[in-house]
Each structure stands twice: as structure tokens, then as C-alpha cells.
Number of protein chains: 2
Amino acid sequence: MKIATWNVNSIRSRQAIVLDWLAANPVDVLCLQETKVVDLDFPREPFEAIGYQLAISGQKSYNGVAILSRHPMTEISAGFGAVLGEETDLDEQKRVITAVIGGVRVVNLYVPNGSAIASEKYDYKLRWFALLKTYLAQLQGSAVPDLCVCGDFNVAPDDRDIYKPDGKDKHIMASPPEREALASVLSLGFTDIFRQFTPDGGHYSWWDYRRGGFANNRGWRIDHIYLTAGLCDRAQACTIDIEPRRREKPSDHTPVIVDLRN
Amino acid sequence: MKIATWNVNSIRSRQAIVLDWLAANPVDVLCLQETKVVDLDFPREPFEAIGYQLAISGQKSYNGVAILSRHPMTEISAGFGAVLGEETDLDEQKRVITAVIGGVRVVNLYVPNGSAIASEKYDYKLRWFALLKTYLAQLQGSAVPDLCVCGDFNVAPDDRDIYKPDGKDKHIMASPPEREALASVLSLGFTDIFRQFTPDGGHYSWWDYRRGGFANNRGWRIDHIYLTAGLCDRAQACTIDIEPRRREKPSDHTPVIVDLRN
DNA sequence: GAAGAAGTGG
DNA sequence: CCACTTCTTC
């Protein structure tokens, strides 16, 4: 089973690129972030026409997540609250959706960017990571404890994940507190599956639109796929496909794909 | 000598379509309207690269006219004031440019739309037509009196020029006062050269983007080429090329072309 | 640098 | 419906 994650930076603007990619890469599951559209306006039909079912949770302008699956999805839920059974202001932004697909619980996340260190949004990001840990712990104790947690984490886990790490510890996506917040979540028992196959640096999933970030390969690896122990042994490969980033009017992110043995 | 007129609705958005059209239709002169760009930002280079010289007069966001010519241009001037020798508020919007090319004085116009009857903009349109008459009379008395006056006139001269004329006399672009204002200008001695070759209705140069105007051929003929008597005999053909209107992301207007015998 | 919003214009 | 503006976000 192939599972991919892709921050598309507006599904309406990226529809053709995503459809082309799925035609060439018919993954079983595609997790999208930054769909930027309310559920009623999500372009469902073209994806259903090529064989995908959809679980979506979006809002106007910002955020928004979706799971596209070739196989039946059960236990679909959006937001932390649906699992934790409590309301939280962290669910006002649509950043979390999950579904069970082929015995695997897929969790699709769009972690807050955080804007700048010492901003209100940075605090929000740290609070969000804290609740994410509680949320994932709850799911690990569920009847389907094999988790594939993927999405745009807006954190480069270590210096191999940044084109030029010097001084980036004061930069959003690389500052110690957010790295520690992510590490704390992963300490529940998650493996960065890309790193199981590729220990060297220089592999990125996001390049800033500005100043020729992609042309000069000034990228960051901030889109991740994390697996619980029961799934790690099944992973046969984890790759980043930079092809869609080369297209006209691309997303600033590109897909990450994991292949799980049946 | 072939002279064409085309309201491109932003030259920056339409650059590729215009270049493709010129590759297939290497007219001697192309008059553009609604370039929507200040002169410093006009994309000169791609047009110069295929052999055109440029005379441009543009502004931010709205209006803007340009003449592209394969032959030398002399007596280039923009606005009514440059010819009439007096300042006028009607020159604040960039709607007039002229140049002498191969012994013909080409006048390129973007007539105000007028918004709605009884609006302030409608009065502006009528005032503009009045000054246009003075302007053209002046040019007729100049050393180069053979005029080719073309552009987006935002007036359908008669009912043949509207897909469904019923009730359109209360519609902008067809109301009697603006038709009379145009007729008064033409009474100086101008011939609607398209009508010399094509007397029947159903030939349009503009289709509203809305409600499938083009798909249903609900069009208007509002882009015109008017010739003084000395040039009429030289006209061999006048056609509307609807091909560019079929393209992806087209202008709502399409080119009108006149072919003048040497 | 690119996206969506809300507004104006045609 | 499409393109422009300014604004905000990432």
C-alpha cells in the first residue's frame, strides 16, 4: 500500500497538477494539506472519477486537509476533539483528519507554521504539538494502533533537513522549542521512515517560492511520514518526488511517498 | 498593409496569446487596447524580438493603448491634448495613441465603456466622443489626412451588431445617444470598412465572459476600423478572427483586421 | 512568490 | 467571468 503526503497550497489552484500526478503515481492513499477550501466547494468529482474516495475537512482561505483513498475508509474523523471527546480552540483551524484504511490508521496533519519565534502564532504551534501528543497517544491505545502519521509538520527535524543550517536555530521551522515539541510527540514510538532509507542530508520537500529557492535547491524537509513500530517493518521505500515542483505554477511543497508491504 | 485592432484585456495576462497570434498573422500594425500596464512595465522585449516597434501609453489597472508596427512610426503622440494643444481631463485616462505608418495615420482608441445609462461614466463617454470629433477633424486637416481609426468603441453601431437587439436601446453600447455620438464622429467622412465587405449581421468582436456568452454566440460588434475616403478604395478585405477567443484564458474581445492595397 | 478575500471595473 | 487593486498569510 502506497501512502503519500502533499501540501498542495490550494487544491483548486493545483487540481490539474494533482490529477496528473495521480495518473502517473496511482498511490492508494494521498493526504493533502492546505486545500484552502470549504467542504462544499472541494472539487470532489475529478478525483472520484479516477477512483478515489474522499474524506475532507476544510475552511475558507486557510488550512484544510483531505484524504484521498482507493480503498474504503472507516472511522473518519476531523479535529482533535472528535477523538479526545473535548472541545478545543485548536480545532477552529482545520488541520487534522484521520481514517482507517486497510488496517492502517492514517493521520493527516497540517501543523501550524508559527510565523515567527516569540509571536502569538509560535505559541499556538507549541500548544498544538502538545495536544497532538495526547491525540496520538489516544489513537495508539485504540483498536487500530498501527498509525501512519503524515503531513506538513512545518519543522525540519535536524540540520540535515535544511540546505544551510547555520543560524537557522533562530528561524521558524528549526528553532529548538519546536524541534523538541516534535521530538516529544515522536517519543511515543514513531519512526521518521524517510530517514530509515536515506540518512544523508540534501533531501527536501519544500522550497520557498521567493528568491529562486527551488532553482538553487535551497529547500527544507518539513513534510514527513511517521510510522508506529508495527508498520516500520512493512516499509519498503520512502521517497520524495520533486517532479511536481518543476511544473508551471507548482505548489511550494512536493509529495513524500511511503510503500508498505502487504 | 494589414492593420489589426484587439482589446486584449491586460497585455501581461495575454502576452502568449498575442505572440502566438502574431506568429500566425504577421500583420504590419497591431493596435491594442486595455493593456492595463504602465509604460515601464509593458512587456516590450518579446514583441520587439519578433520585429515590432512599439508606441505605448498606459496606466495602472485600467485602460492603456499600444501600437505595434513592423514599419517605422513617425508623429507618435498620445492623448487628445498632444494634437489639440490644450489640456483636458479626458486625457487622464490613457485611451488615445496615434502614429503615422507608411503614409497612413493610424489612430488607436479605447472609448470609455460608460458603465450604465444615466451614470456619470455615461456622460464622460459622450463628452469623450465630442472631443474625439474635434481631434479627428484636426488630423484630417493635417499633412497626413489618410486616417485609419481603429479600436474598441464600446458601441454597436446598429442592430445587426448585436446578437439580440430587442430592448438593447436601454443597454450600454447600444443606447441612441452613444450611437448618435459615434455617428456624428463618423460624419466627418469615415467608413465602417467591415460593413463594406459584410453587410449581414451575426458578426461579433466581443462576447461577455459571463453566462457562456461566447459558447452561445451572444456577441456584440463593438471593435471597429474606420477609414477616410482616400483609404477606402485600398481596402481589400476586413475580417474578424474569432480563433483567439477560443483559447484558454482569452480576452473577451477578438481581433479585427483590414488589408490595405499598397 | 503565490494564494485567497473583498472590492471595482468591464 | 476575468483582471486589476490592497490585504494577509505562509
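Residue numbering restarts at 1 for every chain, and letters A, B, ... go by the order of the sequence lines. Atom set for the values below is all heavy atoms of this structure, side chains included, hydrogens, waters and symmetry mates excluded. None of these values were measured; they are calculated from a predicted model.
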Check the phosphate of [N] against [X], side-chain N and O only, distance under 4.0 Å to OP1 or OP2. Yes or no?
X       : N      : answer
R14(B)  : dC2(D) : no
K60(B)  : dG9(C) : no
K36(A)  : dT9(D) : no
S13(B)  : dC4(D) : yes
K249(A) : dG1(C) : no

How about Y226(A) and F153(A): are their ring centres within less than 6.0 Å of each other?
yes
What's the closest nucleotide to the side chain of [X] if the choices are [options]?
X       : options                 : value
N154(B) : dG4(C), dG10(C), dT5(D) : dG10(C)
K121(A) : dT8(C), dT9(D), dG4(C)  : dT9(D)
E34(A)  : dC10(D), dC4(D), dG9(C) : dC10(D)
Y209(A) : dT5(D), dA2(C), dC1(D)  : dA2(C)

Do the side chains of L90(B) and R127(B) get nearer than 4.5 Å, heavy atoms only?
yes
How about F194(B) and T239(B): do any of their side-chain heavy atoms sit closer than 4.5 Å?
no
From [atom1] of [X] over to [atom2] of [N], roughly how many Å is that when rounded to an integer?
X       : N       : atom1 : atom2 : value
D252(A) : dT9(D)  : CG    : P     : 17 Å
Q59(B)  : dT5(D)  : CD    : P     : 11 Å
Y124(B) : dG9(C)  : OH    : P     : 13 Å
W207(B) : dG10(C) : CH2   : P     : 21 Å
D208(B) : dC2(D)  : CG    : P     : 10 Å
E248(B) : dC1(D)  : CD    : C1'   : 14 Å
N7(B)   : dC2(D)  : CG    : P     : 15 Å
I117(B) : dG10(C) : CD1   : P     : 15 Å

Please identify which of these residues, N113(B), V155(B), I117(B), meets the side-chain contact (heavy atoms from CB on, under 4.5 Å) condition with K125(B).
V155(B)
Identified side-chain contact (heavy atoms from CB on, under 4.5 Å) counterpart of R14(B) within the set L32(B), V8(B), L19(B)
V8(B)
Return whichever of S115(B) or R211(A) has its heavy-atom-nearest nucleotide of DNA chain C closer to the 5' end.
R211(A)
Give one of base, sugar-phosphate or nothing for Y110(B), where a contact means two heavy atoms less than 4.0 Å apart.
sugar-phosphate
